[in-house]
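Below: the structure, in structure tokens.
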There are 2 protein chains.
Amino acid sequence: MSKATVAQPRVSGRSPAARESRVRARRAAILRAAAAIMVRTGYHEMSMQAVAEAAGMSVGLIYQYFGNKQDVLRAVIVDILEEFRDEVPAAMLSAGDDPYAQLAQGFSRFCRVIDAKRDAVLLAYRESQTLDGAGREEIMRLERETIDPFRAAVQAGIDVGAFRPVPADLVAHNLKLAAHGWALKHWDLAPTRSLEEYVQEQLDLLLAALAL
Amino acid sequence: MSKATVAQPRVSGRSPAARESRVRARRAAILRAAAAIMVRTGYHEMSMQAVAEAAGMSVGLIYQYFGNKQDVLRAVIVDILEEFRDEVPAAMLSAGDDPYAQLAQGFSRFCRVIDAKRDAVLLAYRESQTLDGAGREEIMRLERETIDPFRAAVQAGIDVGAFRPVPADLVAHNLKLAAHGWALKHWDLAPTRSLEEYVQEQLDLLLAALAL
DNA sequence: ATTCATTGAATGATGGTTCATGAATCGGTA
DNA sequence: TACCGATTCATGAACCATCATTCAATGAAT
């Protein structure tokens, strides 16, 4: 005996709109399930069977929405990084013209988003090497896009004469690593300080380098 | 047909000293081979068969020296971190009494060692989550021991009145992340600057926060 | 009736770990 | 010296388990 016994009822009809919304929902369910499992166990320990169960569908269906397992990993990681890429620059825009305020605002938002997804950040660090060349390229691109506003703000401050001349890209890099650091070294940092304290202390330390 | 065909001639005799030296040599060969493979392919893609071949011995023999595959991983990572733990504090001791000079010396050495083992550092970041609880504890301990001299030097400078009062542990943390960052974000940093330039620029930025 | 979504057992490949087998070396003995 | 168990070192094929991926069969919608 074999083959399908109970097909899950389709969520909605066959119209293009219905189809598109079903595709979105399925993809989201898969990614949500996969992310939850990977955060707990890691990519290699995650079986597609487990993802299917957690997402409430069959294994075969996952392959309708993603080419293969690695493709799922890529989508999970990209999802996270896209949130950074969208949130951080937006926060800086809302901070007005002052480069210092922009940096403070952007860094603060960056840290907050990271704090909310600490596990996912660790996942991205751990598993991004599992991706193929194209996947890694995409990750690097997203990371660059996220922090370029930092670089630009520092450079603007220097040009205006508000900051000491320093390598703007390196300052941006340090802000990024400091934000990532809250997730990477949470075991070391969190026992001694809250997120808010961390943000303030780091802003004080890292932006002191910009003072004339 | 089956079972052993050609046993490799024993390197030396059965005396305690000979035994100990053989054990050391075997362990070293296994770790060298395993590290090389993992750096290229990652832990999960590394087969014990491949390690055995690269180390010039049989699979079974590896299990005489390590309990299992994860045990090999732990040993590889611990090896790297122990080098940091030994080198960094030593470099600071050789820098005399000035806290600033100590920090500069320690950070510089830290970065140099990391540069020499960039792949291994990435490996440690990627795979340390694969370890069990005890393994992760050991890693955290080694990391703490490595950078505690940074914290102590900063604190000493503050106490002496040479530095502005800042959270010493956070400065130490930032120096560590900046050193790790040379490996983690080499793709971003290296195109624009050499290791020496990176060290100088980072010292300038990070220690500016200490100026009165 | 046709088309598309969905199922899940079967396939095929991989690889960690064990262990029966054989070689090398030893201390003791004649 | 020459030989003999006993002991330790070393081998690698076989065992067993785990999955990623496929695809023929089935159900629902039109």
Side-chain angles (χ1 to χ4, degrees), chain A residues 1-27 29-30 33-34 37-38 41-74 127 130 132, chain B residues 1-27 29-30 33-34 37-38 41-74 127 130 132:
Chain A
M1 126 200 26
S2 63
K3 301 310 122 83
T5 52
V6 226
Q8 195 166 92
R10 204 159 314 158
V11 178
S12 63
R14 239 170 174 177
S15 75
R19 181 196 143 80
E20 200 182 332
S21 107
R22 187 174 52 245
V23 167
R24 247 203 308 280
R26 291 273 193 227
R27 285 185 60 98
I30 293 168
I37 295 175
M38 278 196 280
T41 70
Y43 171 75
H44 288 91
E45 287 68 25
M46 174 189 79
S47 74
M48 296 300 268
Q49 183 58 50
V51 177
E53 271 164 35
M57 65 186 71
S58 68
V59 214
L61 196 52
I62 296 180
Y63 285 84
Q64 200 109 26
Y65 295 93
F66 295 94
N68 51 38
K69 191 183 174 187
Q70 189 183 117
D71 202 25
V72 175
L73 171 63
R74 164 153 60 184
E127 307 291 3
T130 308
D132 56 22
Chain B
M1 124 199 30
S2 63
K3 300 311 122 85
T5 52
V6 226
Q8 195 165 91
R10 203 161 309 157
V11 177
S12 63
R14 239 172 177 175
S15 76
R19 181 195 144 82
E20 201 182 331
S21 109
R22 187 174 53 245
V23 167
R24 248 202 309 278
R26 292 270 194 228
R27 285 185 61 98
I30 293 168
I37 295 176
M38 278 195 280
T41 71
Y43 171 74
H44 288 91
E45 286 69 23
M46 173 189 80
S47 73
M48 296 300 268
Q49 184 58 50
V51 178
E53 271 165 35
M57 66 185 71
S58 66
V59 213
L61 195 52
I62 296 180
Y63 285 85
Q64 201 112 26
Y65 294 93
F66 295 93
N68 51 38
K69 190 181 174 188
Q70 188 184 116
D71 202 26
V72 175
L73 171 63
R74 164 153 62 185
E127 307 292 3
T130 308
D132 56 22

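Within every chain, numbering begins at 1; the chains are lettered A, B, ... in the order of the sequence lines, protein sequences first and strands thereafter. Quick caveat: nothing in here was measured; it's all calculated off a predicted structure.
- Whole-Å rounding puts the E53(A) CD to dT7(C) P distance at 12 Å.
- Going from atom CD of Q49(A) over to atom P of dA17(D) covers 18 Å, rounded to whole Å.
- For the pair Y43(B) and K69(B), the tightest heavy-atom approach, listed with the atom from each and the gap, is O-NZ, 3.1 Å.
- Residue M48(A) has its side chain nearest to dT21(D) when only dT7(C), dT21(D), dG12(D) are considered.
- For E45(A), the side chain to side chain donor-acceptor pair (under 3.5 Å) partners are H44(B), not counting sequence neighbours.
- Under the 4.5 Å side-chain criterion, counting only non-hydrogen atoms from C-beta, R74(B) is in contact with D132(B).
- Protein atom CD of E45(A) is 12 Å distant from nucleotide atom P of dG16(C), rounded to whole Å.
- The side chain of R26(B) places no N or O atom within less than 4.0 Å of a non-bridging phosphate oxygen (OP1 or OP2) of dC9(D).
- Residue order along DNA chain D, read from the 5' end via each residue's closest nucleotide, puts Y43(A) first among Y43(A) and L61(A).
- In this structure, R24(A) and E20(A) have side chains that are in contact, with non-hydrogen atoms separated by less than 4.5 Å.
- Contacts of residues 62-71 of chain A with DNA chain C (heavy atom under 4.0 Å): Q64(A), Y65(A).
- When rounded to the nearest whole Å, the span between CE of M57(A) and C1' of dT7(C) equals 12 Å.
- Rounded to an integer number of Å, the gap from CD1 of I30(A) to C1' of dT6(C) is 12 Å.
- The shortest distance between the side-chain N/O atoms of R22(B) and the OP1/OP2 oxygens of dT8(D) is not below 4.0 Å.
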Less than 3.5 Å apart, which donor and acceptor atoms pair up between the side chains of residues 47-65 of chain A and the rest of the protein, not counting sequence neighbours?
{"unit_1": "S47(A)", "atom_1": "OG", "unit_2": "A50(A)", "atom_2": "N", "d": "3.1"}
{"unit_1": "Q49(A)", "atom_1": "NE2", "unit_2": "E53(A)", "atom_2": "OE2", "d": "3.2"}

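- In this model, the phosphate group of dG15(C) is not approached by any side-chain N or O of S47(B) to a distance below 4.0 Å at OP1 or OP2.
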